[in-house]
Each structure stands twice: as C-alpha cells, then as structure tokens.
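These numbers were taken from a predicted model, which means no experiment stands behind them. Throughout, a chain's letter reflects where its sequence line sits, starting with A, and its residues are numbered from 1. FYI, side chains are in, hydrogens and waters are out, and symmetry mates aren't considered; it's all heavy atoms of this structure.
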Amino acid sequence: MTTPYTFDHNAFAAALQATYGHLTDGEESGDVVNVAGRVMLLRSQGKLAFATLRDSSGEIQLFLLSAVAENFEEFTKLHLGDWVGVTGEVVRTKRGELSVKVHTWVRLAEALHNFGDKWAGIADFDLRYRHREADLWANPETRQALTRRSAVVRAVRQRCWDQGFMEVETPILNAVPTGAAARPFRTHHNALDSAFFLRIAPELWLKRLVVGGYERVFELGRVFRNEGVSPRHNPEFTSLELYAAYWNYEDMMTFTEELVAGVALDVLGTTEVEYQGRPFSFATPWPRRTMAELVSETLGESLSVHTPRERLVELLARYDVTAQPSWGPGRCLEELLGEACGEQLWHPIFVTDFPVEISPLARRHQADPELTERFESYAAGRELSNGFSELIDPVDQRARFEDQARLAAAGDDEAMQIDEDFVKSLEWGTAPDRGLGRRH
RNA sequence: GCGCCGAUAGCUCAAUUGGCAGAGCAUUUGACUCUUAAUCAACAGGUUCCGGGUUCAAGUCCCGGUCGGCGCACCA
C-alpha cells in the first residue's frame with residue numbers, strides 16, 4: 001500500500017467546532033479547510049456517507065456526497081481507525097451536525113487492528129496498559145488525563161521560575177541511596193565495576209547546591225523506589241523538590257498552598273475539584289495543625305511525642321497495628337495519625353511539628369528538641385508534600401544518620417544510610433534553608 | 001508477598017443441575033440522498049489462556065501453571 005508522505009494540514013476539529021458554531025442547519029460557510037485524523041465511525045448510506053473524524057483536539061463529522069466527493073466508493077470501504085486527510089467545505093448538515101463536506105480525500109495510513117468495541121472501547125487492562133497508544137484513541141478519558149498531567153508539569157515549572165527558583169538536574173545514579181526512607185533499585189556500572197543505586201530522592205544533592213551558594217533551586221524529575229505496583233503507586237514516579245534559603249517553614253507552607261491552588265487554577269480554571277465523587281477545595285489558606293493536636297483531638301486524650309510509648313502502643317492495637325520494637329514514641333504517633341485521622345485529611349491541610357525520630361534530615365523545633373520544623377500537606381486523604389527547615393548542623397546530622405544506621409542494623413530495610421559526602425558538605429557551613437518535596 | 005475473583009469470535013459480553021459454543025459490534029457481500037453506536041438483509045468467523053485429571057460426555061468439576069483485576073501489606 002502506498003500512502004502520501006505528507007499532508008497539507010491546516011485545521012483542527014476543536015477549532016472548527018468553535019469557529020463555525022454559528023452556522024445554522026443546512027448552511028454552507030464557503031470556507032475550505034484541510035483536516036486529518038482517524039476515522040472512528042463510518043455511516044455509509046447509498047449515495048451519502050458520514051464519518052466521525054477524530055484528531056488530537058476533538059472530533060468533527062465528515063460529510064460525503066457521491067456527486068461531489070472524489071473516490072466516493074473507496075471512502076465507504078475505509079476501515080475504522082484508518083487515517084485520512086480531507087479537503088472540503090465547512091458546513092452544517094440539515095440535521096444540525098457541523099461537518100466538513102469532502103471534496104477530495106486521501107488515506108494517510110491503514111489501521112490493521114481496530115480500536116475496540118465502538119461503544120465500549122477497550123476494556124482489557126492488559127491491552128490498555130501495554131498499548132497505551134490504542135488506549136489513547138479508544139478511551140478519550142485517557143487522553144484527557146495525559147494532557148492534564150502535561151499542563152500540570154508546565155504550570156508547576158512556570159510558577160517555580162516566576163518565584164526565582166533555578167531548575168537543575170542532579171545525579172540519578174548514586175553510590176548511596178538516600179534522602180528518603182525507601183528501598184532502592186540496584187544497578188551496576190561496568191567500567192567502574194561497582195554497584196550503583198537509582199535515586200530515591202534528589203534531596204541531598206539539592207541541599208549541596210544550597211551549600212554551594214544558590215538560594216533557590218528546584219528539580220522536577222523521576223525518582224525510583226523498589227516498592228509495590230498499583231494504579232496509585234508506580235516504582236518510577238515524578239517528584240518536585242525545591243529549596244529556598246532564608247525562608248522559614250511558615251513561608252514554605254504558604255508557598256506550597258499557593259503553588260497547588262495556582263496550578264489548579266492554571267489547569268482547571270478553578271480550585272474546586274472532585275476526587276472519587278467527593279468534592280474538596282484547594283482554596284487558600286489551608287489549616288495548619290500539629291500532629292499532636294490532631295491525634296489528641298481524634299482519640300480524645302492528650303497525646304504527644306512525650307506520651308509514654310506503652311500508651312501509644314495500646315492505642316495502636318485498637319487499629320490492629322502491632323508496634324515494631326524499633327518504633328519509638330515518634331513513630332507510634334505518626335502511625336496513629338495515619339490510622340485514626342483519615343477523615344481530617346480529606347480537605348487540604350498542613351500537619352506540622354513532626355517527631356525528630358522520623359525526620360532525620362529536618363532541623364529541630366525551636367520550641368521542643370524532640371520535634372522538628374517539618375510539615376506535610378494532605379488532600380483527599382493522601383500526602384501531597386513534605387517540607388521542613390533543613391538540618392544544617394553537621395554534628396547533629398551525623399548523629400541522626402547513625403540513629404538510622406542502627407535501625408537498618410535492626411532490620412529496617414528502609415532506614416537511611418550514612419552519606420559521608422553530605423555530612424562533609426555541611427561542614428563548610430550552610431545558610432538556613434527550607435526544602436519541599438512533592439511526589440506523585 | 002498473602003487472600004479473593006477472572007480469562008469464551010478481531011472488540012464488548014452470554015451459555016441453567018456437566019448434555020450440539022451464542023449475541024451485538026467490527027470484517028466480507030448486497031440495499032439505501034441527512035446519518036449520529038445509522039438502519040435492513042446475507043455470508044463468514046472458535047486450540048473456550050496452557051498442561052494434566054474425573055466422566056459416556058467438561059467452557060462448566062478437580063489439580064498444577066501463565067496472565068490480568070481487586071483487596072491487604074509496603075508506600076507518594
């Protein structure tokens with residue numbers, strides 16, 4: 001089969017729908033356009049034929065009269081999914097459908113597979129995930145999701161630039177996987193004959209740029225965690241991390257909520273959204289509550305990182321959670337938040353003042369050395385971001401890493417390893433700074 | 001990793017207590033000058049995921065495997 005190598009394309013379906021919305025039933029515009037796309041539906045009716053053409057922007061009907069269109073018979077034998085390019089006049093049919101009345105047309109490519117049932121689309125998950133290109137044509141909601149994701153990435157990047165953050169790229173292959181609590185992927189460098197890990201977070205590299213004198217940096221990119229796979233968890237996912245010198249963590253929370261609300265406005269035009277049929281609002285400001293307050297309120301008794309561990313373990317048992325021997329009061333408190341406070345985390349909220357025990361890279365709280373100046377934002381019950389005043393004291397940082405190493409020795413395969421180069425970098429002295437991670 | 005469920009025509013799905021494997025759409029052929037998942041008529045289309053077993057007889061029951069979905073666990 002020989003098909004043309006190019007097509008003089010000059011119009012998109014969605015733009016035609018918008019531009020010619022005023023045409024009345026049976027009216028002909030006199031304007032000739034060239035559109036191209038896939039034939040998704042074909043209705044042939046003797047000396048007339050109608051086809052639904054879909055392109056990247058939307059759909060428009062093709063209208064053919066045997067007396068007008070060239071090669072009319074051949075058109076009616078097209079297969080669903082075939083690519084065509086057509087030249088014709090923009091008209092509205094007698095029955096009111098905006099159409100391109102075809103003068104000439106050409107088949108640009110043949111589809112050897114169909115795109116599923118024309119009503120049900122493709123339902124087979126295996127086929128949808130292994131052949132996303134088919135899914136994109138068969139199921140418009142897939143295309144919308146991907147388009148929106150691209151718009152979100154663009155809006156995030158633009159807003160970071162607008163706030164004076166410089167975009168950087170840091171190493172993905174690392175000798176030590178660090179910056180988060182997660183199991184890494186291993187790989188091997190042949191020339192160096194040494195083991196490397198795919199990064200689980202860019203955190204420490206970005207902090208070293210702050211040590212190096214950049215006040216505001218961010219990185220948007222893939223990180224890799226060796227964990228379970230599900231529709232909500234991808235072993236490789238995109239994260240945003242940014243660092244700002246001189247900000248306090250209240251500043252970082254304000255930046256966070258304005259970034260999320262702003263991106264929602266940029267992409268959707270509103271901060272009012274719905275997830276799993278339940279509405280919520282990204283409108284700022286978001287409430288800021290300490291972890292101890294939220295847990296105490298929900299369980300009806302005063303609890304904090306200073307509560308005896310035994311009591312916290314008892315409370316966890318109510319939720320069928322068995323505290324591991326390595327869990328101190330801080331870890332227990334965090335587990336209680338996750339188990340008991342799901343409902344409070346539906347509408348966007350900041351949970352603040354995390355225990356130092358579970359925050360090895362965060363600076364201690366000015367009011368309580370057992371806590372850190374760390375917050376996480378939640379929406380729809382899921383963590384959106386994690387931010388804190390960065391620990392800049394190399395002595396304390398080394399001690400925290402050593403605590404982590406003890407956890408690792410005790411069998412915690414997600415505990416951090418000591419990153420000597422990072423500790424050394426802090427020894428040169430760092431401006432006080434705040435970091436933010438946002439992961440999807 | 002554990003548990004539950006599923007796999008039948010190109011696609012979406014049926015098939016009663018074990019008793020001749022079906023429909024719609026798509027494909028092929030024909031009719032049709034305003035259709036909208038067009039309609040009407042006809043033809044064709046099958047290793048019932050794979051391998052064993054029980055039975056006169058297995059899509060259906062039993063065992064093993066592969067792939068997938070959901071839940072749990074892990075996590076963002």
Just so I know, are the side chains of F75(A) and L42(A) near enough to count as touching, which here means a heavy-atom distance under 4.5 Å? yes
Distance-minimising heavy-atom pair for V223(A) and A201(A):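 Nearest pair, atom of V223(A) first, then A201(A): CG1-CA, 4.0 Å.
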Could you tell me how far [M] sits from [N] if I compare only their [atom1] atoms? Round to whole Å.
{"N": "G3(B)", "M": "C63(B)", "atom1": "P", "value": "14 Å"}
{"N": "C49(B)", "M": "G68(B)", "atom1": "C1'", "value": "11 Å"}
{"N": "G6(B)", "M": "A41(B)", "atom1": "C1'", "value": "38 Å"}
{"N": "A14(B)", "M": "C72(B)", "atom1": "P", "value": "26 Å"}
{"N": "U12(B)", "M": "A21(B)", "atom1": "P", "value": "24 Å"}
{"N": "U33(B)", "M": "C70(B)", "atom1": "P", "value": "49 Å"}
{"N": "G46(B)", "M": "A7(B)", "atom1": "C1'", "value": "15 Å"}
{"N": "U17(B)", "M": "A26(B)", "atom1": "P", "value": "34 Å"}

Checking [X] now: which residues fulfil side-chain contact (heavy atoms from CB on, under 4.5 Å) with it, not counting sequence neighbours?
{"X": "H113(A)", "answer": "none"}
{"X": "S425(A)", "answer": "R208(A), V211(A), F422(A)"}
{"X": "R216(A)", "answer": "F165(A), A244(A), W247(A)"}

Let me check something: any side-chain donor-acceptor pairs from residues 336-350 of chain A under 3.5 Å, sequence neighbours excluded? List them with distances.
from    : atom 1 : to      : atom 2 : distance (Å)
E343(A) : OE2    : R278(A) : NH2    : 2.9
Q344(A) : NE2    : T298(A) : OG1    : 2.6
W346(A) : NE1    : P279(A) : O      : 3.3

Do the charged groups of [X] and [Y] touch, with an N to O distance under 4.0 Å?
{"X": "R400(A)", "Y": "D403(A)", "result": "no"}
{"X": "R289(A)", "Y": "E297(A)", "result": "yes"}
{"X": "E97(A)", "Y": "R92(A)", "result": "no"}
{"X": "E373(A)", "Y": "R363(A)", "result": "no"}
{"X": "R132(A)", "Y": "D135(A)", "result": "yes"}
{"X": "K77(A)", "Y": "E74(A)", "result": "no"}

Between [X] ([atom1]) and [N] ([atom2]), how many Å, whole number?
{"X": "H131(A)", "N": "C67(B)", "atom1": "NE2", "atom2": "C1'", "value": "14 Å"}
{"X": "E97(A)", "N": "A37(B)", "atom1": "CD", "atom2": "C1'", "value": "13 Å"}
{"X": "L41(A)", "N": "U39(B)", "atom1": "CG", "atom2": "P", "value": "11 Å"}
{"X": "R43(A)", "N": "U33(B)", "atom1": "CZ", "atom2": "C1'", "value": "15 Å"}
{"X": "L42(A)", "N": "U27(B)", "atom1": "CG", "atom2": "P", "value": "8 Å"}
{"X": "R225(A)", "N": "A73(B)", "atom1": "CZ", "atom2": "P", "value": "19 Å"}
{"X": "D126(A)", "N": "U66(B)", "atom1": "CG", "atom2": "P", "value": "15 Å"}
{"X": "M40(A)", "N": "C25(B)", "atom1": "CE", "atom2": "P", "value": "18 Å"}

Honestly, is R38(A) close enough over W137(A), meaning NZ or CZ under 6.0 Å from the six-membered ring centre and within 45° of the axis? yes
Which part of the nucleic acid does S66(A) contact within heavy-atom distance under 4.0 Å: base, sugar-phosphate only, or nothing?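 Nothing, no nucleic acid heavy atom in range.
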Please work out if R130(A) contacts a base, only the sugar-phosphate, or nothing of the nucleic acid, heavy-atom cut-off 4.0 Å.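 Sugar-phosphate contact only.
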Using a 4.0 Å heavy-atom cut-off to protein, can you give one letter per nucleotide of nucleotides 42-51 of chain B, 5' to 3': B if the base is in contact, S if only the sugar-phosphate is, - if neither? ----------
Could you encode protein contacts along nucleotides 10-15 of chain B as a string, one character per nucleotide from 5' to 3', using B for base contact, S for sugar-phosphate-only contact and - for no contact, with a heavy-atom cut-off of under 4.0 Å? BBS---
Between A76(B), C74(B), A26(B), which nucleotide has the shortest distance from any of its atoms to the side chain of F237(A)?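 Shortest atom-to-atom distance from the side chain points to A76(B).
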Taking only Watson-Crick and G-U wobble pairs with both distances under 3.5 Å, what dot-bracket line describes RNA chain B, where [ ] shows pairs that cross earlier ones and | shows pairs with another strand? (((((((..((((.....[..))))..((((.......))))......(((((..]....))))))))))))....
Report the residue (W119(A) or L65(A)) whose heavy-atom-nearest nucleotide on RNA chain B is the more 5′ of the two.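 The answer here is L65(A).
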Side chains of Y129(A) and D124(A): do they bring a donor and an acceptor to under 3.5 Å? no
Is a donor on one side and an acceptor on the other found under 3.5 Å between the side chain of S296(A) and the backbone of L303(A)? yes
Residue pairs passing the salt bridge (Lys or Arg N to Asp or Glu O under 4.0 Å) test where at least one lies in residues 146-155 of chain A, sequence neighbours excluded: none
Could you give all pairs that pass the salt bridge (Lys or Arg N to Asp or Glu O under 4.0 Å) test and reach residues 12-29 of chain A, with sequence neighbours left out? E28(A)-K101(A)
For RNA chain B, which residues in residues 81-91 of chain A have a heavy atom at a distance below 4.0 Å? none
Close residues, residues 46-63 of chain A, relative to RNA chain B [heavy-atom separation under 4.0 Å]: G46(A), K47(A), L48(A), F50(A), Q61(A), F63(A)
Donor-acceptor pairs are to be reported for all side-chain atoms of residues 174-188 of chain A against protein atoms at under 3.5 Å, with residues two or more places apart or in another chain.
from    : atom 1 : to      : atom 2 : distance (Å)
N174(A) : OD1    : W205(A) : NE1    : 2.6
N174(A) : ND2    : P171(A) : O      : 3.3
N174(A) : ND2    : I172(A) : O      : 3.1
H188(A) : ND1    : N190(A) : OD1    : 3.2
H188(A) : NE2    : D193(A) : OD1    : 3.0

